[in-house]
Amino acid sequence: MGKIKMTTPLVEMDGDEMTRILWKMIKDNLLLPYIDLKTEYYDLGLENRNDTNDQVTIDSANATKKYGVAVKCATITPNAARMSEYNLKEMWKSPNGTIRAMLDGTVFRAPIVVKGIEPCVKNWKKPITLARHAYGDVYKNTEMIIDKPGKAELVYTTEDGVEKRELIHEFSGTGIIQGMHNTDDSIESFARSCFNYALEIKQDLWFATKDTISKKYDHTFKDIFQEIYNKEYKEKFKKCGIKYFYTLIDDAVARVMKAEGGFIWACKNYDGDVMSDMVSSAFGSLAMMTSVLVSPKGYYEYEAAHGTVQRHYYKYLKGEETSTNSVATIFAWTGALHKRGELDGNTELMEFANRLEKATVDTIESGKMTKDLALITSIPNPKVLNSEEFIQEIAKVL
């Protein structure tokens, strides 16, 4: 059988720890036997980020702008312990944060629904897609330890030297302060990405902030969304038969728990980070969540929504058996391949991506799965497979 040809490369961003091991297994067993795989490869493993002073992360984001579609393995965002473990020059920033800022995108995350893995929330019948703003807020913050009494102020100096000041707090003792920002341009991109995605998948869009408390910061998000919706999307939504509405974040949380799913929930950066973990966990597992960064400029970056599975990696290094769920990483590849095929008019590549997703789901639904799913499945007598066996079983079904 001739391999499926690709006309344009994918940007391939390799990662860290156990997900890096799975990455190679997926390529060797599920992709390379069937596709003449064209990728522009970037090693975003922590050692290489350290060796290149993180230039490799910037290069990979620029390559995504060039080629339009990227697939990314999970990567380490270093803390103090990682500084020592990897002998780092400095505590490098989150690669995801750098890439998201450069691509000016919105992260859309949705659970992979499989029969036999029922959501904890019994009324959730359809997937809930989380749309997370991928710029600013706490992820681009500035922090300061206050070590003695004094006055903290927010100061903004215009280009022509005019100062604006707001008192943050008069400290009578020690404490902490944090400065956050966002830009109208980024919020506008976030809004358009959400509205476009809702039209693409034909689902209602919810947006939630805390504008009653944050009367300028959060209220600006609310106003920009409403203005863009009224001017550019109201009629399109009406024709498509879908709705947009705004609500407070606490009201949204209450509504979500009573809803049946089948909608997009747009959140600011931190809210989206937390709520996507809640939704994915309630649907079954963090390893059963798709994640795609969508830029209004037409760039797409697919990744798993979870981390590098550090605990399993240390077991792997000792030669111990692991049963690591690779579904989200497989779906990162299928999402990127499908989008590459769609943009290039390559139906063979799109069909292959669909078949690989079906083979993955069918494998689980046949009762063959990794340990994390076996612990929560309603399928009787599931067969627990180790990391490699699970991928090999998908290969047989494929």
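All values reported here derive from a predicted model rather than from experimental measurement.
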Can you tell whether the side chains of [X] and [Y] come within less than 4.0 Å, N to carboxylate O?
X      : Y      : answer
Arg192 : Glu232 : yes
Lys5   : Asp36  : yes
Arg165 : Glu153 : yes
Arg20  : Asp16  : no
Glu118 : Lys125 : no
Lys222 : Asp218 : no
Lys239 : Glu235 : no
Arg340 : Asp344 : yes
Arg82  : Glu17  : yes

Aromatic ring pairing Tyr316/Tyr313, orientation class (parallel under 30°, perpendicular over 60°, tilted between): parallel

Parallel, tilted or perpendicular: rings of Phe237 and Tyr233 (30°, 60°): perpendicular

Distance in Å, [X] [atom1] paired with [Y] [atom2], rounded so as to fall on 0.5 Å steps:
X      : Y      : atom1 : atom2 : answer
Asp137 : Asp273 : CG    : CG    : 11.0 Å
Trp265 : Ile128 : CH2   : CD1   : 8.0 Å
Cys73  : Asp43  : SG    : CG    : 10.0 Å
Ile379 : Lys115 : CD1   : NZ    : 10.0 Å
Asn325 : Met369 : CG    : CE    : 10.0 Å
Ser387 : Lys371 : OG    : NZ    : 11.5 Å

Is it the case that the side chain of [X] and the backbone of [Y] share a donor-acceptor pair, with hydrogens and angles ignored and the cut-off at 3.5 Å?
X      : Y      : value
Thr158 : Val162 : yes
Lys3   : Leu32  : yes
Thr377 : Ile117 : no
Ser214 : Lys210 : no

The single option from Ile26, Ile35, Leu31, Val397 passing side chain to side chain contact (heavy atoms under 4.5 Å, CB included) against Leu356: Leu31

is_close_aromatic(His133, Phe221), centroid dist under 6.0 Å: yes

Side chains of [X] and [Y]: donor-acceptor distance under 3.5 Å anywhere?
X      : Y      : answer
Asp372 : Thr370 : yes
Tyr246 : Thr209 : yes
Asn346 : Glu348 : no

Derivation and outcome, side-chain contact (heavy atoms from CB on, under 4.5 Å), residues Trp206 and Asp251: CA-CA 11 Å; Trp206 303 11; Asp251 182 41; over 6 Å; no

In the structure I gave you, are the side-chain heavy atoms of [X] and [Y] within less than 4.5 Å of one another anywhere?
X      : Y      : value
Met289 : Ile112 : no
Ile242 : Leu205 : no
Leu293 : Thr106 : no

Worked verdict on Tyr42 versus Asp59 for side-chain contact (heavy atoms from CB on, under 4.5 Å): CA-CA 8 Å; Tyr42 294 88; Asp59 292 345; 3.8 Å; yes

Pair His181-Lys140, side-chain contact (heavy atoms from CB on, under 4.5 Å): steps then yes or no: CA-CA 7 Å; His181 80 279; Lys140 280 273 184 183; 3.6 Å; yes

Check against salt bridge (charged side-chain N to carboxylate O under 4.0 Å, His left out), Asp211 and Lys215: CA-CA 5 Å; Asp211 68 286; Lys215 291 180 168 61; over 6 Å; no

If you draw the axis of the six-membered ring of [Y], does the NZ or CZ of [X] fall within 45° of it and under 6.0 Å from the ring centre?
X      : Y      : value
Lys368 : Phe390 : no
Arg132 : Tyr139 : yes
Lys234 : Tyr229 : no

Evaluation steps, side chain to side chain donor-acceptor pair (under 3.5 Å), between Asn96 and Lys72: CA-CA 9 Å; Asn96 290 339; Lys72 180 181 173 296; 2.9 Å; yes

Criterion side chain to side chain donor-acceptor pair (under 3.5 Å) on Glu321 and Asn386, from CA distance to verdict: CA-CA 7 Å; Glu321 189 172 89; Asn386 67 32; 3.2 Å; yes

Reference residue Phe190; test ring-ring contact (aromatic ring centres under 6.0 Å, His included); the match among Tyr197, Phe225, Phe195, Tyr135: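 Testing each of Tyr197, Phe225, Phe195, Tyr135 against Phe190, the sole residue satisfying ring-ring contact (aromatic ring centres under 6.0 Å, His included) is Phe225.
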
Reference residue Trp333; test ring-ring contact (aromatic ring centres under 6.0 Å, His included); the match among Tyr302, Trp23, Tyr34: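 Running ring-ring contact (aromatic ring centres under 6.0 Å, His included) over Tyr302, Trp23, Tyr34 with Trp333 returns exactly one hit, Trp23.
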
Can you confirm whether [X] is buried at [atom1], in the sense that more than 12 heavy atoms of other residues, nucleotides or ligands lie under 6.0 Å from that atom?
X      : atom1 : value
Glu166 : CD    : no
Leu167 : CG    : yes
Tyr270 : OH    : no
Met278 : CE    : yes
Lys93  : NZ    : no

Intermediate values then yes/no, salt bridge (charged side-chain N to carboxylate O under 4.0 Å, His left out), Glu389 and Lys383: CA-CA 11 Å; Glu389 286 169 348; Lys383 184 178 181 184; over 6 Å; no

side-chain contact (heavy atoms from CB on, under 4.5 Å) assessment of Val361 paired with Lys358: CA-CA 5 Å; Val361 170; Lys358 187 175 187 313; 5.9 Å; no

Chi angles and distances behind the side chain to side chain donor-acceptor pair (under 3.5 Å) call for Glu357, Thr334: CA-CA 7 Å; Glu357 288 186 2; Thr334 57; 2.7 Å; yes

Same apolar cluster: Leu343 and Leu37, side chain cutoff 4.5 Å: yes

Residues Tyr67, Glu40; criterion side chain to side chain donor-acceptor pair (under 3.5 Å); working and verdict: CA-CA 9 Å; Tyr67 293 110; Glu40 188 162 301; 2.9 Å; yes

Residue that, paired with Lys89, satisfies side chain to side chain donor-acceptor pair (under 3.5 Å) out of Asn53, Asp54, Asn50: Asn53

